[in-house]
Amino acid sequence: MSFRTTKALALLATLAFAAPALAQIPFTENFDAENGGFRQLNYTTFANWTVTAGSVDLIGNGSFDYYPGNGLYVDLAGSTGFGGTITSAPFAFVPGQIYTLGFTLGGRIDGGTNTVNVVLGSLVTDSLILPSTQGLTNYSYNFSVLAPTNAALSFRNVQDGNAGALLTNVSIIPAPAAAAMLALAGIAATRRRR
């Protein structure tokens with residue numbers, strides 16, 4: 001390994017790991033650890049979420065598993081017939097930092113369309129219309145803040161019923177941290193090719 005490569009790796013490692021605002025991943029959630037990995041109808045005891053309206057079901061892993069092989073996911077319209085809303089605790093966002101909100105949604109399994117409102121304070125607001133034929137689909141939003149900001153994330157199933165949109169793989173990641181890690185991987189790959 002050349003001195004230049006060693007120096008570049010050291011600089012990128014410092015940028016990626018020494019600055020907590022760049023290296024820290026504020027939030028990732030795939031729901032697989034909830035309820036010991038087992039489904040539960042009308043689930044309310046999430047580790048990172050509060051059910052703030054209606055009801056939701058925790059399904060998958062072989063029971064009400066509409067997308068086998070994807071672990072547990074949240075049916076945003078629980079078995080009480082009311083569309084649910086889940087809300088996280090507020091996240092603290094650093095000014096000037098670019099973040100990516102990502103999540104996976106699938107259409108309701110009982111036919112018809114479904115609308116999900118996604119709100120992250122005033123940073124991200126969207127209303128997604130999902131046909132029942134829509135399989136699990138990844139969504140991604142980039143945003144930044146100008147001043148220190150705290151914002152909670154919520155997903156609301158607009159329609160009532162016993163089946164709603166299916167949610168999994170929620171994350172909020174600082175974009176520069178991801179870029180720094182990719183740069184490190186690129187330098188390492190270049191070094192191996194030589």
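Keep in mind the model is a prediction, meaning the values are calculated, not measured.
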How far apart are the C-alpha atoms of T168 and N70, what are their side-chain angles, what is the distance that settles it, and do they pass the side chain to side chain contact (heavy atoms under 4.5 Å, CB included) test?
-> CA-CA 9 Å; T168 191; N70 288 286; 5.6 Å; no

Give the C-alpha distance, both sets of side-chain angles, the deciding distance and a yes or no for side-chain hydrogen bond (donor to acceptor under 3.5 Å, both in side chains) between N157 and N114.
-> CA-CA 7 Å; N157 199 87; N114 206 29; 2.6 Å; yes

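When the side-chain hydrogen bond (donor to acceptor under 3.5 Å, both in side chains) test is applied to D75, no partner is found at least two apart in sequence or on another chain. Scanning for side-chain contact (heavy atoms from CB on, under 4.5 Å) contacts around T87 gives T52, T85, A152, S154, with sequence neighbours left out. Applying the side-chain hydrogen bond (donor to acceptor under 3.5 Å, both in side chains) rule to D160 yields no partners; only residues at least two apart in sequence or on another chain are considered. Partners of Y139 under the ring pair (Phe, Tyr, Trp, His ring centres under 6.0 Å) rule, at least two apart in sequence or in another chain, are F103. Annotation: side-chain hydrogen bond (donor to acceptor under 3.5 Å, both in side chains) contacts of S88 (sequence neighbours excluded): none. Considering only residues two or more places apart in sequence or on other chains, F93 meets the ring pair (Phe, Tyr, Trp, His ring centres under 6.0 Å) condition with Y99, F143. Under the side-chain contact (heavy atoms from CB on, under 4.5 Å) criterion, T45 pairs with Y43, not counting sequence neighbours. R156 meets the side-chain hydrogen bond (donor to acceptor under 3.5 Å, both in side chains) test with no other residue; sequence neighbours excluded. Partners of N42 according to the side-chain contact (heavy atoms from CB on, under 4.5 Å) rule, which considers only residues two or more places apart in sequence or in another chain, are S55, D57, S79, T80. A search for side-chain contact (heavy atoms from CB on, under 4.5 Å) contacts involving S144 returns I98, not counting sequence neighbours.
Residues Y73 and Y67 come closest through the heavy atom pair OH-N, 2.8 Å. For the residue pair E34 and L72, the shortest heavy atom distance occurs at O-CD1, 3.6 Å. Heavy atoms only, all atoms of each residue included: P95 and P148 are closest at CG-N, 3.3 Å. Here the closest heavy-atom approach between residue L105 and residue A165 is recorded as CD2-CB, 4.3 Å. Looking at every heavy atom in both residues, Q40 comes nearest to N35 through CB-ND2, 3.4 Å.
V74 is not listed as a side-chain neighbour of F155, based on a closest heavy-atom distance of 4.5 Å or more. Residues E29 and F46 fail the side-chain proximity criterion, which asks for heavy atoms closer than 4.5 Å.
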Please list every donor-acceptor pair under 3.5 Å in which a side-chain atom of residues 120-127 meets a protein atom from a residue at least two apart or in another chain.
{"residue": "D126", "atom": "OD2", "partner": "Y141", "partner atom": "OH", "Å": "2.7"}
{"residue": "S127", "atom": "OG", "partner": "N117", "partner atom": "OD1", "Å": "3.0"}

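Pairs of residues two or more places apart, or lying in two chains, never qualify as ring-ring contact (aromatic ring centres under 6.0 Å, His included) while including a residue from residues 114-134.
For the side-chain contact (heavy atoms from CB on, under 4.5 Å) criterion with I86, the lone passing option out of L76, T50, N48, T44 is L76.
More than 12 heavy atoms of other shown residues, nucleotides or ligands fall within 6.0 angstrom of atom OH in Y66.
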